[in-house]
Amino acid sequence: MANEKIPYKIYLEEKEMPTTWYNVRADMKQKPAPLLNPGTGKPMTAEELSHVFCDELVAQELNNTDRYIPIPEEIRTFYKMYRPSPLVRAYCLEEKLGTPAKIYYKFEGNNTSGSHKLNSAIAQAYYAKKQGLKGVTTETGAGQWGTALSMACSYFGLDCKVYMVKVSYEQKPFRREVMRTYGASVTPSPSTETEVGKKILAEFPGTTGSLGCAISEAVEAAVTRDGYRYVLGSVLSQVLLHQSVIGMETKAALDKYGIKPDIIIGCAGGGSNLGGLIAPFMGEKLRGEADYRFIAVEPASCPSLTRGKYVYDFCDTGKVCPLAKMYTLGSGFIPAPNHAGGLRYHGMSSILSELYDEGLLEATSVKQTDVFKAAEYFARVEGILPAPESSHAIRAAIDEALKCKETGEEKTIVFGLTGTGYFDMVAYEQFHNGTMTDYIPTDKEIAESIAKTPGIQ
Ligand SMILES: *Cc1c(COP(=O)(O)O)cnc(C)c1O
């Protein structure tokens, strides 16, 4: 059998690593909707965006035309410390499931930050340094992005100020200490350090915070300090661009063995890993060169694609950021407190939103107890302890492989294993103790939250 020649892990050689990122917007006939200035309702200009973001990143954010963007040598050097990441053939999982499907996963958890986020963190830190800035501010939820950014900033000698969602700050002290080890300062959000933080605290006393709220604080902290800019770990088109390194490597590894995937699956929070993983494959689909099924997997407790609305919305609770057209649950939406699985952002990348709206991307939602069942199953069979976020993709990949078992189809399934779950043991503990519950928001709750979007189509 030809497949016997395929190793457990397909590694690329250093010289086979991508030298460019791939910008899927260049191949989209219908471009993602532009960011709007919430004051004027007009598209944000580069000048306006440059108060918040680094200049080069603004250029990337607005670049809908260049298909390939060279990866600067300094970033490639850093990538070489932990990339290429392996593409693993899940032989053990296939055998255990008894499926004729061939399953591969691209594993992004092999770096200290434990996730794919480092791919964009290092790019954003590099451009900040190149611009001569003193430092950057950001938000972090579960802590993966903050950790990745701390690593990247310490590499380039930049100051790093992280607003961490309060509930995570309290529940994940180890994450916090990893960030501090890399020299970042970490503030629980909402805080009294910013005007918007004080306002949110006054309005919702005792709130344990949300990503949308931490974003508002980090943006305010950046624009009110000289030599600082704000950086974001997902959602933005520039982040999807940087994450295309995942898809470029995956494609190069598959091409080496002449493998053509049928289905490509990724978990979707703000959309960066999924957008990056599928990018070059989506490019082929958009250009009519090949066809694939792409599946975004989101939590049933925060279902922006499957139950949200495609409208302009605020990216943050404090409404300080530009408006983005995206599938959204409303910027005030906060998943129920029993939700432990990450992927809790209220909106979705405008690139993925547009692709989904055009029917080029499918989406499905999964319940967290089912996600943790898949996580545990995967850990026992493949050995890796997956992040809860990544386990959404595992769940969907297993479900697709089980469908193949019924139909006898030998489909090739590729999924993104975005990270490891070592800092998520409180959630695993709840699962093991049987205290983990599912909460699915009602139509009424979602409708009420969506009703508060600004009403621009
Ligand atoms: C942040 C994160 C995600 C979700 O973010 P996306 O931008 O949707 O990719 C998924 N997996 C892990 C491990 C993460 O840290």
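Start at 1 and go down the list; that is how both ligands and their atoms are numbered.
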inquiry  = If we check salt bridge (Lys or Arg N to Asp or Glu O under 4.0 Å) with E94, which of these qualifies: K411, R89, K102?
reply    = R89
query = Taking all atoms of both residues into account, what is the closest heavy-atom pair of E48 and P43, and its distance?
reply = OE1-O, 4.0 Å
task = Using distance alone, determine whether E389 and ligand 1 share an N or O pair under 3.5 Å.
result = no
ask   = Using 30° and 60° as the class limits, which term best fits the ring planes of F78 and Y82: parallel, tilted or perpendicular?
value = perpendicular
message = Other residues, nucleotides and ligands only: do more than 12 of their heavy atoms fall within 6.0 Å of NZ on K31?
response = yes
inquiry  = Considering G266, G269, G141 one by one, which has a heavy atom nearer to atom 8 (O) of ligand 1 than any of the others?
reply    = G269
ask   = Among M348, E108, K117, which residue places a heavy atom closest to atom 2 (C) of ligand 1?
value = K117
request  = Please could you name the atoms of ligand 1 that S234 approaches to less than 4.0 Å, counting only its heavy atoms?
outcome  = 6 (P), 7 (O)
request  = Could you tell me whether G270 and ligand 1 have an N or O pair separated by under 3.5 Å?
outcome  = yes
request  = Test I450 against every option in K309, H346, E445 by the side-chain contact (heavy atoms from CB on, under 4.5 Å) rule and name the one that passes.
outcome  = K309
task = Search all heavy atoms of C153 against all heavy atoms of V136 and return the closest pair with its distance.
result = SG-CG2, 3.6 Å
query = So is G271 polar-close to ligand 1, meaning N/O to N/O under 3.5 Å?
reply = yes
request  = Taking only heavy atoms of C267 into account, list the atoms of ligand 1 that are under 4.0 Å away from them.
outcome  = 10 (C)
message = Would H116 count as a polar contact of ligand 1, with the cut-off being nitrogen or oxygen pairs under 3.5 Å?
response = yes
